[in-house]
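Just the heavy atoms: all of them, side chains too, but no hydrogens, waters or symmetry mates, feed the values below. Chain letters run A, B, ... following the sequence lines, proteins first and then strands; every chain starts at 1.
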Amino acid sequence: GAVVSQHPSWVICKSGTSVKIECRSLDFQATTMFWYRQFPKQSLMLMATSNEGSKATYEQGVEKDKFLINHASLTLSTLTVTSAHPEDSSFYICSAQGTEGAHYYGYTFGSGTRLTVV
Amino acid sequence: AQKVTQAQTEISVVEKEDVTLDCVYETRDTTYYLFWYKQPPSGELVFLIRRNSFDEQNEISGRYSWNFQKSTSSFNFTITASQVVDSAVYFCALSESPLNDYKLSFGAGTTVTVRA
């Protein structure tokens, strides 16, 4: 089955620094990557959608200059939280959609990244 | 507007009891997909089921069963003979887009605690 590898699993960073989260599709080409954020005891909220080779589309209320998304290849998408602050502490999880041969793969989630900003 | 409503915030049961999780959705699309995911304390999302809007057949998979009723816009999930390992947060989700767009709208989640 399709696998999306997300790294790191957890990260602690100092306020004001930047953190990069990677999502790789291991056995299919991810034409679209979704990035979700989940605050403690809350649901998952879509932050942005990125298509390979295009600029990401951000949901309302999500700062595109703060959450930089790069989807330069069909197997890798990155989310960089710039100038992180404690309120950015959250669980970030990606979801990939794509194809491999005749197969469609959708709704495949990474394992998530727990970010703590101190 | 909330597209997926999970009215139950928390459910606590004793092992071997059955537990039913409610999910009500809202959409104007005729083609859509409904999902259930399990999120254990470790955080990863475990896919449980996907159902498209044209398939109203109920489904059973082991101790899990799903009841999809378009007339009431509901897609309820039942765990039969619950076990401690079933303790997790369960999310119902909706994808309104056609096949090439997999954006999901999640419900608020229901925390299930199964006590030994």
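Below 4.5 Å, heavy atoms of chain B meet heavy atoms from Ser111(A), Arg114(A), all part of residues 110-118 of chain A. Scanning residues 80-93 of chain A against chain B with a 4.5 Å heavy-atom cutoff picks out Phe91(A), Ile93(A), ordered by number. At a heavy-atom separation below 4.5 angstrom, chain A is approached by Tyr37(B), Gln39(B), Pro41(B), Ser42(B), Gly43(B), Glu44(B), Leu45(B) within residues 36-46 of chain B.
Tyr107(A) places no side-chain N or O within 3.5 Å of a backbone atom of Phe47(B) that could act as its donor or acceptor partner.
One hydrophobic cluster holds both Phe75(B) and Val19(B) under the rule that ILVMFWY side chains link at heavy-atom gaps under 4.5 Å. Tracing side-chain contacts under 4.5 Å through hydrophobic residues (I, L, V, M, F, W, Y), one reaches Tyr90(B) starting from Val13(B); they form part of the same cluster. Hydrophobic clustering of Ile, Leu, Val, Met, Phe, Trp and Tyr side chains at less than 4.5 Å, counting indirect connections, keeps Leu79(A) apart from Leu76(A). By the criterion of side-chain heavy atoms lying less than 4.5 angstrom apart, applied directly or through intervening Ile, Leu, Val, Met, Phe, Trp or Tyr residues, Val114(B) is grouped together with Leu21(B) in one hydrophobic cluster. With hydrophobic clusters built from ILVMFWY side chains whose heavy atoms lie under 4.5 angstrom apart, Leu74(A) does not share a cluster with Met33(A).
Within a 6.0 Å sphere centred on NZ of Lys64(A), heavy atoms belonging to other residues, nucleotides or ligands number 12 at most. Residue-environment remark: NZ (Lys20(A)) stays at or below the threshold of 12 foreign heavy atoms within 6.0 Å.
Residue with the most contacts toward chain B among Met45(A), Gln42(A), Gln38(A): Gln38(A) (heavy-atom pairs, distance under 4.5 Å).
Heavy atoms only, all atoms of each residue included: Ser43(A) and Ala108(B) are closest at CB-CA, 3.8 Å.
Looking at Leu104(B) and Phe34(A), their side chains never come closer than 4.5 Å, going by heavy atoms from C-beta outward.
For chain B, the nearby part of Leu46(A) is the side chain; its heavy atoms alone come within less than 4.5 Å.
Under the disulfide (SG to SG under 2.5 Å) criterion, the residue pairs touching residues 17-92 of chain B are Cys23(B)-Cys92(B), with sequence neighbours excluded.
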